There are 4 protein chains.
Amino acid sequence: MVQSFGPVRHTATYEVVAEHIRRALQLGRYLPGDKLPPERALALQLGVSRTVLREAIRALEGEGLVESRRGAMGGLVVLNNEVPADQLKAMIASRFDQLEQLYEFRLANECAAARFAARRRTAEDLRKISEALQRMEAIVGGVAEHNDSNTVARFTSADSAFHLGIAEASRNGFIAQAVEDAWVRRFLPIGNVFMRIEPDANNGHRRLFDAIETGNAAEAEAAMGDHIQETLATLRGYLNDRLRTR
Amino acid sequence: MVQSFGPVRHTATYEVVAEHIRRALQLGRYLPGDKLPPERALALQLGVSRTVLREAIRALEGEGLVESRRGAMGGLVVLNNEVPADQLKAMIASRFDQLEQLYEFRLANECAAARFAARRRTAEDLRKISEALQRMEAIVGGVAEHNDSNTVARFTSADSAFHLGIAEASRNGFIAQAVEDAWVRRFLPIGNVFMRIEPDANNGHRRLFDAIETGNAAEAEAAMGDHIQETLATLRGYLNDRLRTR
Amino acid sequence: MVQSFGPVRHTATYEVVAEHIRRALQLGRYLPGDKLPPERALALQLGVSRTVLREAIRALEGEGLVESRRGAMGGLVVLNNEVPADQLKAMIASRFDQLEQLYEFRLANECAAARFAARRRTAEDLRKISEALQRMEAIVGGVAEHNDSNTVARFTSADSAFHLGIAEASRNGFIAQAVEDAWVRRFLPIGNVFMRIEPDANNGHRRLFDAIETGNAAEAEAAMGDHIQETLATLRGYLNDRLRTR
Amino acid sequence: MVQSFGPVRHTATYEVVAEHIRRALQLGRYLPGDKLPPERALALQLGVSRTVLREAIRALEGEGLVESRRGAMGGLVVLNNEVPADQLKAMIASRFDQLEQLYEFRLANECAAARFAARRRTAEDLRKISEALQRMEAIVGGVAEHNDSNTVARFTSADSAFHLGIAEASRNGFIAQAVEDAWVRRFLPIGNVFMRIEPDANNGHRRLFDAIETGNAAEAEAAMGDHIQETLATLRGYLNDRLRTR
DNA sequence: GTGGTCTAGACCACA
DNA sequence: GTGGTCTAGACCACT
């Protein structure tokens, strides 16, 4: 039996740390303008030396994700990594194949997650999911400032928390990890499409939550399926619609 | 917004290499008795120095996975990692929760994989899947030597190739990766349950293959679902049946 | 090829700042009794925080160069760093070797500076040089108060401005820098020798200025050479003359 | 008296270290292909930690001056920092004003150095200067390989050692420092002009050495003056001559 | 009390 | 025995 091994790559610790932080930003755990914990605390949490953490920060600064400011009021500030509107469609189009696969992957795992969550969610799970849902609804309800870039970031963050909350409520570590991975790999700026261009596209959340709350597994799975399909359709429509964009 | 980061761990290169090889063994790419490529070639393929590779091998030897033999006929030989029959049930029972989650995860991803594979499989995909299927059927058909430990390993290897082949035929990298991950995390010795105790349990493969070959997506998904459910049921039955074991 | 590197030393910022200020004092840009700019302004000019500036000031106070006085009329006051007459000769003698080298260095660079200045000086250059010359002549002319310590400082300051003006008029940054370096390294109190003991020694300045003004490069170079040689001779005479001192 | 202070800059230690090494390379103490001392030794010599040294090395690698290679035969290798022939003239032209000033500065200090060296050189000084001279003559004599880039580097290195040897023989630290500074600031690739385009331009060295050896100060000064003027003339000719270059 | 830098020592990967 | 990386602790500069 002939087999061939691919090359392994040694990832320096600072790379791992950078990826870790990048992941947190990607999941919306920090919003633009937020400060990451102070270097010393962060290094402690991550279990690495400050030297290594700082090397990771230097990398993130190079990517324009964070900025480190000195002084008493300083700290690690998360930057707004927004894509200019006129480049957004091109950037999404260039990775649409990838995104389509990702949505298939999400469909498989998040539907399962919704089904299990409807059966197994704890009160605490419900509380978290509900809180994220309310954050989303508050943002969409406050129609005033949809163009504020931070609004998009805040909505994306709540959206992410909602879906990850359901994944966690599935009480299945493998599925939860898969859902998180999918969100991390998501191209962040597509949040703009939903918030700026189709703010109504995100209305399946309430139906999904109700199904999970009432423990209706089949409905939860269906709601999740519809929601994700709808999202993908919105994205596809955005790309194909030459009249409404720009 | 308060958030906390978990610790990152630095994996030495030799750990990564060991994991890489362990994975190949877990997926049945090498059978007990097979030889891994010579050290020099392997180091080259992996892109690491022989020093590091040797350290990885030392670790694998420590786990009893491989053995390095000197001399002209020597090399890195894959060992038979069999669990004694009298410990098998206990070992499976102790990690049954984990296995159940794993099966839920497989269900989500492999059903999706089957559905997409039915639509997208190429001739080459079909050839690979078919070849694995035939290997399984040949082993089950040759009733003579079900107790031979290598038979179990050979069956497990073919089983793995069958499922991974379908995953690959789904033409979705995320799903394929998830399926592979699930197989890697599978507790290897459970192969014995199916081969030794319930050799008939693995009869869903042909139905699955036919559905994929004929491009019947719904049937493929259903067949995969039934197959995995059945497998889990077999396992559950094995654990609960106090009469037939030992 | 075998080579060895010497040690590098890390200079703290406050050291750099202190040296910067010390240099300004050494060049006579501030006279005893003058006030340096207020701390806040100075810190701004220097591009450092007040904390660092204050540390530098503390060092300068330790050397007796400045004194910081509180209150409405306070500020950073430049002190008179005079050497008592009875120690002057000993101090000069102890570093005479160094001074001799310095005069050789000045000879090389200031003669070149004079030559180029005669050819390249602008009207503005001439104005500055002339102004410094007049200040010197006014001080030497006003015979009354040669013993006043500030007179010496004022003369030294004008002398410095005269020579640095010529260096600048040479329109050669390297030479100008070398001349300034030489003046900074000069042992400040030797000004006393010329003012107190040989007030006539400084009469080459007018000849030098005329040559530069009329654009006579050869004469300028010769005048500068004679002037510096003469100065050194005065110093040497002062040290050798056992009768006239003390 | 109104005065304004310029900003001071805090130079991190690794910057100082980088400058230190850059200086050694600029002075030709190391030739392309040479290895710098091992990191540990170098850090010790420089009196800094390896961390800091490595940061400096990273900077130098970024500038393309050195390359660090791993393994038993590895080390810090000096790269050949050559300018392509077709860019050389433009690069020299763009900084010709600066170079002209530099030559004036060299004229002032190196003539003085030659004069003092003729009077004060020790036997050891003569030995060093002579050795450098012989290296130059050997390279110019071996006409075969003037186009080899390392030949230029080797000549430049010997040239530098020759002039710095004279500066040191002047027994005047200020002048020696000024000469070294001038060489460090020299635009390195101009060595190509003398070696490739006008290999005969460097024949004043022997006359200069003889004068210093015989202790003829006036002749030494004159020889140095002629030599530097000639070098500048060669450079000027190279820039103006449109026919012979490219 | 923040980020910025340096140190001394250790272990790892490489050839 | 080379360069590559990480650690723990310290001090400095900034606001």
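Source: prediction; values computed, not measured. Proteins come first, then strands; the chains are lettered A, B, ... in the order of their sequence lines, and each starts at number 1.
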Near DNA chain E, counting only heavy atoms under 4.0 Å, which residues of residues 62-71 of chain D show up? R70(D), G71(D)
Got a sec? Which of residues 50-61 of chain A come in under 4.0 Å of DNA chain E, heavy atoms? R50(A), R54(A)
Results of side-chain hydrogen bond (donor to acceptor under 3.5 Å, both in side chains) for [X] - residues two or more places apart only:
X: R69(B); value: E67(B)
X: R54(C); value: E39(C)
X: S49(A); value: none
X: R58(A); value: none

Contacts of [X] that satisfy side-chain contact (heavy atoms from CB on, under 4.5 Å) - sequence neighbours left out:
X: A59(B); value: none
X: R9(D); value: T11(D)
X: R185(C); value: L102(C), D181(C), F174(D)

Enumerate the residue pairs fulfilling salt bridge (charged side-chain N to carboxylate O under 4.0 Å, His left out) with a member in residues 11-21 of chain C, sequence neighbours excluded, ordered by first and then second residue. E19(C)-R22(C)
Tell me which of A12(A) and A72(D) sits closer to the 5' end of DNA chain F, going by the nucleotide each one is nearest to. A72(D)
Going 5' to 3' along DNA chain E, which nucleotides are the first and last within contact of chain B (any atom under 4.0 Å from a heavy atom)? dA13(E) to dC14(E)
Using heavy atoms to find the nearest nucleotide of DNA chain E for E39(A) and G47(B) separately, return the residue whose nucleotide is more 5′. E39(A)
Between T11(D) and Y14(B), who's closer to the 5' end of DNA chain E by nearest nucleotide? T11(D)
How close do A56(D) and Y14(D) get, heavy atom to heavy atom, and via which atoms? CB-O, 3.4 Å
What closest approach, in Å, do G75(A) and K35(A) show between heavy atoms, and which atom pair accounts for it? CA-CD, 4.1 Å
Output the distance between atom CG (L25(D)) and atom CG (L65(D)), rounded to the nearest 0.5 Å. 6.0 Å
Between OG of S68(B) and CD of E61(B), what distance do you get to the nearest 0.5 Å? 4.0 Å
All stems that DNA chain F takes part in, i.e. 3 or more consecutive Watson-Crick or G-U pairs with distances under 3.5 Å, are E:1-14 with F:1-14
Evaluate the side chain to side chain contact (heavy atoms under 4.5 Å, CB included) criterion for residues W183(D) and Q26(D): first the C-alpha distance (whole Å), next the side-chain angles of each, then the deciding distance (0.1 Å), finally the verdict. CA-CA 8 Å; W183(D) 273 86; Q26(D) 186 79 337; over 6 Å; no
